[in-house]
Amino acid sequence: MIGRASILTYGCQMNEADTTDIGQALKRAGYELTRSWDQSDLVVLNTCAIREKAEDRIRGTLGHLKSLRARRPWLVVGVMGCMAAQSADYLSHEADFVIPPMEAGQLSEVLAGLPPPPGLGEEEGDLPPLEMNQETPFKRFLPIIRGCNHRCTFCVVPNTRGPEYYEPPEELFQKVGEMRDRGVLEVTLLGQTVNAYVHGGWTFATLLQEMAHRFPAVGFRFITSHPRQFSDEIIEVMATRPNVMPYLHLPLQAGSDRVLRRMKRLYTFAEYEALVGRVRSAVPDLALSTDIICGFPGETEEDFDRTLEAMKRIRFESAFMFYYSERPGTAAVNLDGKLPIPARKERLARLIRLQKDIQMEVNQSEVGRRRRCLVERTSKKDPAVMLARTPSNKGVLVPGPESLIGSYLELEIQRADSFILFASQRA
Ligand code: 5AD
């Protein structure tokens with residue numbers, strides 16, 4: 001061991017998956033991984049740039065690390081992830097190395113060029129080691145596409161992660177085989193537009209079908225899908241493969257066609273709604289989740305009402321809701337009709353209130369149902385209560401011992417609120 005290293009991960013599941021690779025590179029370079037970043041010799045921030053708030057948080061952490069340097073002058077700070085592309089100039093003054101997503105493969109080389117840390121201080125002793133994904137070793141993310149070919153006008157991802165690159169199918173099958181052999185029960189296929197997958201003669205539908213066929217004991221989910229490329233073949237695979245889980249994350253972003261056009265989303269609300277109708281009628285018990293942006297430049301009260309109306313019509317099982325955040329380098333920066341931040345926040349509060357009520361009602365319909373749930377971990381509030389997930393990825397709290405983690409239970413849902421289900425264990 002040449003020193004201790006920590007990784008702080010921000011943002012999306014793609015970053016979580018990348019953190020596994022970063023961890024492996026650090027170990028290969030001779031570092032021991034630990035959660036105690038204030039006692040590390042090297043800290044890697046795996047960053048997010050999707051909204052200004054994400055960058056603000058990371059700037060705060062960089063400030064903390066600077067003050068930590070007073071005590072540990074040899075501390076090395078590296079920045080990876082999307083902010084390393086989006087704000088490289090700023091970071092070049094704040095970090096010892098900055099590696100954007102498209103150059104992530106260079107990490108090992110950069111590590112090899114670092115000066116070794118000055119041996120371990122006596123006061124420190126053994127630190128809790130960090131094993132990647134130790135909380136849920138039976139769930140894994142698998143990136144199948146990197147980058148994004150869309151040009152949504154609000155989004156930094158095409159700038160930070162570059163154009164689409166598709167992982168070869170045989171490598172993906174091999175990786176899932178290895179995961180299965182290590183006891184992984186559920187795999188989530190990842191891509192910014194996961195359903196855009198193409199490779200040789202393969203499409204996303206045929207890849208998913210083959211995955212499900214080759215690994216019948218593994219449950220598959222996939223995020224994130226773009227409505228424009230969601231083919232009937234994908235619906236068919238979801239409907240016919242029992243181990244493709246009934247969960248779909250399909251960002252709507254806005255309910256007004258005028259706003260959708262200005263966002264360059266490439267569909268109308270009517271097309272979106274028709275697609276949802278097809279998926280829901282083919283996949284019973286589907287849980288549909290979405291992303292919504294409010295306060296986009298030029299969004300009128302009437303446009304915003306369309307979004308509220310859309311949410312009432314579709315009744316998403318869950319929604320990630322954001323107010324528009326201006327991102328340097330994106331096309332929306334040049335659109336007119338910017339709304340003041342308080343107006344954006346006020347719309348967001350209305351969205352959240354509406355969705356909370358909808359979720360309360362949707363979740364009530366789960367009461368009395370029996371679901372085969374995977375127990376993930378102990379609940380944060382009570383160690384005698386476990387957090388499990390339904391096939392559609394809803395959280396369920398159930399009393400029980402820690403020894404249940406990693407096993408499937410047949411649970412009867414007894415109670416529900418807007419954000420969680422409650423179950424009892426039945427023999
Ligand atoms: N402002 C607000 N929300 C954004 N998202 C992406 N870019 C922005 C932005 N500039 C949201 C979208 C996307 C999710 C990951 O983040 O809803 O689907």
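Quick note: numbers below take in every heavy atom, side chains included, and nothing from hydrogens, waters or symmetry partners. Indexing begins at 1, ligand by ligand and atom by atom, following the structure's order.
- The side-chain contact (heavy atoms from CB on, under 4.5 Å) test applied to Glu273 returns Phe269, Arg313, Ile314, not counting sequence neighbours.
- The pair Arg306-Asp303 fails the salt-bridge criterion, with no side-chain N (NZ, NE, NH1 or NH2) lying under 4.0 Å from an Asp/Glu carboxylate O.
- In terms of the salt bridge (charged side-chain N to carboxylate O under 4.0 Å, His left out) criterion, Arg28 has no residue partners (sequence neighbours excluded).
- Within 4.0 Å of ligand 1, counting heavy atoms only, the contacting residues are Ile50, Arg51, Phe154, Gln253, Asp291, Ile293, Phe322, Tyr323, Tyr324, Ser325, Arg327.
- Side-chain polar atoms of Gln229 and His150 form a donor-acceptor pair below 3.5 angstrom.
- Under 4.0 Å is where a charged nitrogen must lie from a carboxylate oxygen, and between Lys394 and Asp285 no such pair does.
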Please report, to 0.1 Å, the donor-acceptor pairs under 3.5 Å made by any side chain of residues 351-358, with sequence neighbours excluded.
from: Gln355; atom 1: NE2; to: Phe316; atom 2: O; distance (Å): 3.1
from: Gln355; atom 1: NE2; to: Gln359; atom 2: OE1; distance (Å): 3.0

